Amino acid sequence: MLKVGLTGGIGSGKSTVAAIFETLGVPVYYADKEAKRLMIEDEGLIQSIKNLLGEESYINGILNREYIAAIVFNDPKKLEQLNQLIHPLTVSDSLNWMSQQTTPYAIKEAALIFESHSESHLNVNIGVTSPESLRIKRIMERDGIDEVAVRQRMSRQMSEEEKMKRCDFVIKNDESILLTPQVIRINEELIKMAADKSILA
């Protein structure tokens, strides 16, 4: 089983690309979604989050997203500490999930693959890149926030340029090049790589 990472900066279109891979029959682990699941299911993590951010992090067992966001988006240290609690569990969960797949390769879609050093658990990484202006526009429309807030979020991630340098494949999502042919080409390469046992060694 070839373990493949799919990453990119906020607003780059990772989820759109992941959905195209899914139409080709490739299983995809969405790290952000699964992290949110772990935050409400894993008792140890729940207690650690309460210890870090306060009992108000949960209301009647429900994750208080607004409260948590208000703290971590204004305190980089707290955000880093929260990530340090969540990332190891997500890595473990994703590896367990991948071990159960029967396809030539499976994908882990995550924004912070390199920031969390998750690349050490993966064989190959795909990057999705978009012009900054387009990424800002997408996030403003998606989340209903202003440009200042978007740029603040961007500043907490590794630069997209640096991310793409670290990736084995790069998909351009600038609305001038079709995504599907790019995905199909990479899919063919990954199937070949999955057959090469030396890569998995």
Side-chain angles (χ1 to χ4, degrees), residues 1-22 24 26-39 41-42 44-45 48-49 52 72 76-130 153-173 182-183 185-201:
M1 158 69 68
L2 192 72
K3 301 180 186 73
V4 179
L6 176 64
T7 194
I10 183 172
S12 60
K14 297 181 300 300
S15 298
T16 302
V17 170
I20 298 171
F21 273 103
E22 285 188 299
L24 298 176
V26 180
V28 177
Y29 179 94
Y30 291 91
D32 188 50
K33 184 182 94 173
E34 298 304 329
K36 286 171 183 167
R37 174 181 60 79
L38 291 167
M39 287 170 78
E41 288 183 3
D42 189 288
L45 179 59
S48 294
I49 291 171
L52 176 66
V72 299
K77 188 178 178 186
K78 280 281 195 290
L79 177 61
E80 184 182 346
Q81 290 172 322
L82 179 63
N83 283 335
Q84 284 172 353
L85 293 176
I86 297 169
H87 286 318
L89 287 176
T90 309
V91 167
S92 175
D93 191 62
S94 67
L95 289 174
N96 180 54
W97 175 87
M98 282 185 164
S99 72
Q100 297 171 34
Q101 306 310 310
T102 56
T103 45
Y105 72 94
I107 288 174
K108 176 182 180 179
E109 186 260 17
L112 305 177
I113 281 177
F114 299 113
E115 292 91 334
S116 64
H117 308 295
S118 299
E119 76 275 16
S120 61
H121 306 286
L122 302 164
N123 304 113
V124 181
N125 285 291
I126 303 167
V128 183
T129 183
S130 294
R153 289 188 192 178
M154 283 180 165
S155 71
R156 296 191 200 97
Q157 293 186 353
M158 180 185 292
S159 75
E160 191 153 301
E161 182 184 19
E162 179 59 32
K163 278 189 181 182
M164 295 309 110
K165 279 184 194 171
R166 299 187 185 197
C167 290
D168 303 282
F169 299 96
V170 174
I171 292 174
K172 290 185 178 176
N173 185 21
Q182 296 182 76
V183 171
R185 187 169 64 250
I186 292 172
N187 174 63
E188 291 169 352
E189 288 292 324
L190 292 173
I191 289 171
K192 286 180 195 170
M193 292 174 77
D196 183 352
K197 302 303 179 192
S198 66
I199 293 172
L200 304 177

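This is a predicted model, so every value here is computed, not measured.
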Student: Do any N or O atoms from the side chain of S12 and from the backbone of S130 form a donor-acceptor pair under 3.5 angstrom?
Tutor: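 Such a contact is absent between S12 side chain and S130 backbone.
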Student: Would you mind checking if D93 and R37 are paired as a salt bridge, meaning a charged N to carboxylate O distance below 4.0 Å?
Tutor: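 The answer is yes: the pair qualifies as a salt bridge.
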Student: Taking the basic N atoms (NZ, or NE/NH1/NH2) and the acidic carboxylate oxygens, is any pair closer than 4.0 Å for K36 and D32?
Tutor: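 Looking at D32 together with K36, the answer is yes, because their closest N to O distance falls below 4.0 Å.
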Student: I would like to know whether V17 and V183 meet side-chain contact (heavy atoms from CB on, under 4.5 Å); could you show each step before the answer?
Tutor: CA-CA 7 Å; V17 170; V183 171; 4.0 Å; yes
Student: Counting distance only, does the side-chain N/O of S120 pair as donor-acceptor with the main-chain N or O of H117 below 3.5 Å?
Tutor: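 At least one qualifying donor-acceptor pair exists.
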Student: Quick check: closest heavy atoms across K78 and L52, and the distance to 0.1 Å?
Tutor: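 Heavy atoms only, the tightest pair is CE-O, 3.6 Å.
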Student: Return the minimal non-hydrogen interatomic distance between F169 and I186, and the atom names on each side.
Tutor: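 Scanning both residues, the minimum pair turns out to be CB-CD1, 3.8 Å.
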Student: Taking all non-hydrogen atoms of both residues into account, name the closest pair between S118 and V91 and its distance.
Tutor: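 The answer is OG-CG2, 3.5 Å.
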Student: How would you list, by chain and number, every residue that makes a side-chain hydrogen bond (donor to acceptor under 3.5 Å, both in side chains) with E188, sequence neighbours excluded?
Tutor: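 With neighbours one apart ignored, the set is empty.
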Student: Under the side-chain contact (heavy atoms from CB on, under 4.5 Å) test against L2, which residue among D196, I191, N123 passes?
Tutor: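 Among D196, I191, N123, the one that satisfies the side-chain contact (heavy atoms from CB on, under 4.5 Å) with L2 is N123.
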Student: Taking atom CD of E41 and atom CG of L89, what is their separation to the nearest 0.5 Å?
Tutor: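 Spacing of CD (E41) from CG (L89) equals 11.5 Å.
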Student: Would you mind reporting whether L6 and Y30 have side-chain heavy atoms less than 4.5 Å apart?
Tutor: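 Of all side-chain heavy-atom pairs linking L6 with Y30, none is under 4.5 Å.
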Student: Would you sort out whether E115 and K163 count as a salt bridge (charged side-chain N to carboxylate O under 4.0 Å, His left out), showing the intermediate values?
Tutor: CA-CA 9 Å; E115 292 91 334; K163 278 189 181 182; 3.3 Å; yes
Student: Given side chains that start at C-beta, do those of I126 and D168 come closer than 4.5 Å, heavy atoms only?
Tutor: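 A side-chain contact is absent here, since even the closest heavy-atom pair is not under 4.5 Å.
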Student: Going by heavy atoms in the side chains, are T7 and N125 under 4.5 Å from each other?
Tutor: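 No, their side chains stay 4.5 Å or more apart.
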Student: Considering non-hydrogen atoms only, spot the tightest contact between F114 and E119 and give its length.
Tutor: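 Nearest pair, atom of F114 first, then E119: CA-OE1, 3.6 Å.
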Student: Please list every donor-acceptor pair under 3.5 Å in which a side-chain atom of residues 99-113 meets a protein atom from a residue at least two apart or in another chain.
Tutor:
unit_1 : atom_1 : unit_2 : atom_2 : d
S99    : OG     : N96    : O      : 2.6
Q100   : NE2    : N96    : O      : 3.4
Q101   : NE2    : W97    : O      : 2.9
T103   : OG1    : Y105   : O      : 3.0
Y105   : OH     : N187   : OD1    : 2.6
E109   : OE2    : S15    : OG     : 3.2

Student: Do F21 and V4 come within less than 4.5 Å of each other through their side chains, counting heavy atoms only?
Tutor: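 Result no, sub-4.5 Å side-chain heavy-atom pair not found.
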Student: Is the shortest side-chain heavy-atom distance between M98 and L122 below 4.5 Å?
Tutor: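 Yes; the side chains approach each other to less than 4.5 Å.
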Student: Drop me the distance from K3's NZ to S94's OG, to the nearest 0.5 angstrom.
Tutor: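 Here the rounded value is 9.5 Å.
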Student: Given 3.5 Å as the limit, does a donor-acceptor pair link the side chain of Q182 with the main chain of K172, or not?
Tutor: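 Yes: the side chain of Q182 pairs with the backbone of K172.
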Student: Using 0.5 Å steps for rounding, measure from the CG atom of L85 to the CE atom of M39.
Tutor: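 Interatomic distance, L85 CG to M39 CE, rounded to 0.5 Å: 9.0 Å.
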Student: Give me the atom names and distance for the closest heavy-atom approach of V72 to L82.
Tutor: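 Minimum heavy-atom contact is CG1-CD2, 3.9 Å.
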Student: Heavy atoms only: give me the nearest E162-M158 pair and the separation to one decimal.
Tutor: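 Answer, listing the atom of E162 first, then M158: CG-SD, 3.6 Å.
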